[in-house]
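Here the structure comes first, spelled out in structure tokens, and everything after it is commentary.
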Amino acid sequence: MMILQARRLSVLRILFAAFLLALVTSGAGATIRYTVSIEHPERHIFHVTMEIPDVTGEVAVQMPAWNTLYQIRDFSAHVREVEAFAGANRAALEKMDKLTWRITGNGTITVRYATYWDERGPFATQLNADHAFINPAMILMYVPTRRPEDVKLDLNEIPGGWVAAAALPALDESMGGAHMIEFTARSYDAMSDTPIEAGNFELFDLPGMTPPVTVAVHGDKWKKKEVEEELRRICTYELKLMEGAPYEHYTFILHLGQAAAGAGGGMEHANSTAISLRSEEELPNIAAHEFFHLWNVKRIRPATLDPVDYTKEQYTRALWFAEGVTSTYAAYTMVRTQLWSKDKFYFDLSQQISGLEGRPANRWQSAEESSLDAWLEKYPLYNRPEESVSYYAKGQVLGVLLDILIRDRTDNEKSLDDFLRAMNHEFAKQDKPYRDSLDIRLSAEQVAGGSFEDFFRKYVSHAEPLPYSQVFPLAGLDLRTTQRKRPVLGFFFERGATGEAVVQDLDAESSAAQAGLRSGDVILTWNGSEPPRNVERWVYSQKARSVVHLRVRRDDREISIDFRIDEVTETFYQVVEDSHANAKAKRIREGILRGTTQPVTASASKR
């Protein structure tokens, strides 16, 4: 006992001395503290105080230009009333450009400002009487040279009865009637990658999950038992697939029903996701996609996105893999956990192929080019079928084709699952980013034991027609074509310099035109909410003949216009099973559906 206690004291002295030395010799141990007031949430204004210790002479602070979406959105446009102090005295403050302020002073510098946010959805920030949803990069300035330092965020003046959730260590305090929650992160980047939900919402843990998975639901018209079971099955399967959790605690933030009006989608983060959906039916597939991002993109990360540069576009050729192959695994998870039938899996794959082949741009835009051009998606012109293809759809299909080829070359002994696990071991667990499509190809070759250079050159780097007829039969699948109808709006809209949605390219024969819509009209509201960010994706999810309610501004007056969604006939590609497939192809097909590998020769010998 005495010897053990002496050893403990010795270790404590050494640790304390090292701590003091670190404080004296380096500012790297400093903590930058933010205080964010959400008093009077109905005003939609966050009041932010930023305390920067150990400043000598001057310091620069910036607001990010982008976050969550591959779009320059200049969050500084929301900022006002910036002031700075050195101790109790006002400090010299100069704005250098649209993102940057320079402050002159010594010691602890305090920066105060207000920022207005009232935008729904996982890609935005909102403060209103119902709740606060915060993507921290949208409201927090940072010191460019000190991003690795510890960060604390005090969320204070929280309305009575509100709670908060985030995938961060938190301390909840109530003093003198004031309610404050302190969040801690190891760096600005870690803080900015962790959304925060505050309000009156339901909070629960998924049963039987270790490490724990927490779910925060803000909204209505959802069934807890179903959500709980769907998320538990998804998480359990993907954790087993990837051989363990890369997090200590994971958080789902869900906005469902009316809380998600006009703002659908999901956004991945290092240890959490935020998902916004009008209908609970779409939740499992999106949750499977976002949860798999724990590995693919958040940890298996392209070098072109690492580290994050908040000030400008970061171009990568690898989004077809980071997003598209993640969609492959969302679909795999759904069918392998029996949340989808195999017919639903085939139908989803058919939809991706149909959407891809139905876009004229598929004849010339490669998967890599689509990835590079992600920054153009905020322009409706770019989203037209003639102008671009989706790296989500093209990547998802490429993922399935790669899986079939790996299985065929290895006699169904290896699969895309082995390839993702190899990427995880080689890059994520070594904390090393990969070299875009090059390391993806080399990893696939290592697993399959042969070259994929021709495949990547033709179908990833270039836009040659995808080899469905050569590859699908290897998995006992056939691709057929039928005619079907799909919904269309009959117009596009372009975001102007002020963010207004301006109607363009209106088809004179469309229902919208017949109802009175004109090119140049400014759309103020869309079904009572903001116009959708991606109108192509939105209309694809609607039914023909559904009514759209618009409020538009024309010249100096506002007009209400109601019209029905039109429809057009298109070619639909249908993936079906080939009843005449040989034993090897059937084994590969079953392996894809079940997530298994078993050599055909071995299974045949056992029989």
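Throughout, residue positions are numbered sequentially from 1 according to the sequence presented.
A salt bridge does not link R120 with E530: none of the charged nitrogens is closer than 4.0 Å to a carboxylate oxygen. Ion pairing between a basic and an acidic side chain is recognised when a charged N comes within 4.0 Å of a carboxylate O; R112 and E81 show no such pairing. A salt bridge is defined here as a Lys NZ or Arg NE, NH1 or NH2 lying under 4.0 Å from an Asp or Glu carboxylate O, and K298 with E268 fails to meet this definition. With salt bridges taken as basic N to acidic carboxylate O contacts below 4.0 Å, none links K152 and E51. Under the 4.0 Å criterion applied to side-chain N and carboxylate O atoms, E280 and K223 are not assigned as salt-bridge partners.
At least one donor-acceptor pair under 3.5 Å links the side chain of S370 to the backbone N or O of Y391. Distance alone, capped at 3.5 Å, places no donor-acceptor pair between the Y70 side chain and the E377 backbone. Side-chain atoms of N135 come within 3.5 Å of backbone N or O of A124 as a donor-acceptor pair. Of the possible donor and acceptor atoms, none in the side chain of D436 sits under 3.5 Å from a partner among the backbone N and O of D439.
A donor atom on one side chain and an acceptor atom on the other are found under 3.5 Å apart for E368 and S437. Looking at D189 and Y310, their side chains do bring a donor and an acceptor atom within 3.5 Å of each other. For the residue pair N527 / S529, no side-chain donor-acceptor distance below 3.5 Å is found, with atom types taken as modelled. No side-chain N or O of T35 forms a donor-acceptor pair with one of T49 less than 3.5 Å apart. For the residue pair R301 and T316, no side-chain donor N or O sits within less than 3.5 Å of a side-chain acceptor on the partner.
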Next on the checklist: Go through it in stages, so that I can follow the logic: the residues are E323 and H289, the test is side-chain hydrogen bond (donor to acceptor under 3.5 Å, both in side chains), and I'd like the CA-CA distance, side-chain angles, deciding distance and then a yes or no.
Outcome noted: CA-CA 9 Å; E323 292 289 355; H289 179 103; 3.1 Å; yes

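A ring pair (Phe, Tyr, Trp, His ring centres under 6.0 Å) check over residues 44-65, counting only residues at least two apart or in different chains, returns the pairs H44-Y116.
When every heavy atom of P302 is checked against every heavy atom of P433, the shortest pair comes out as C-CB, 4.0 Å.
Summarising the local packing, CG of D431 is surrounded by 12 or fewer heavy atoms from other residues, nucleotides or ligands at distances under 6.0 Å. Within a 6.0 Å radius of NZ in K95, other residues, nucleotides and ligands contribute more than 12 heavy atoms.
Using a 4.5 Å heavy-atom threshold, the side chains of N106 and T56 count as touching.
Annotation: side chain to side chain donor-acceptor pair (under 3.5 Å) contacts of Y379 (sequence neighbours excluded): none.
Aromatic pair W162/H179: ring centres not closer than 6.0 Å.
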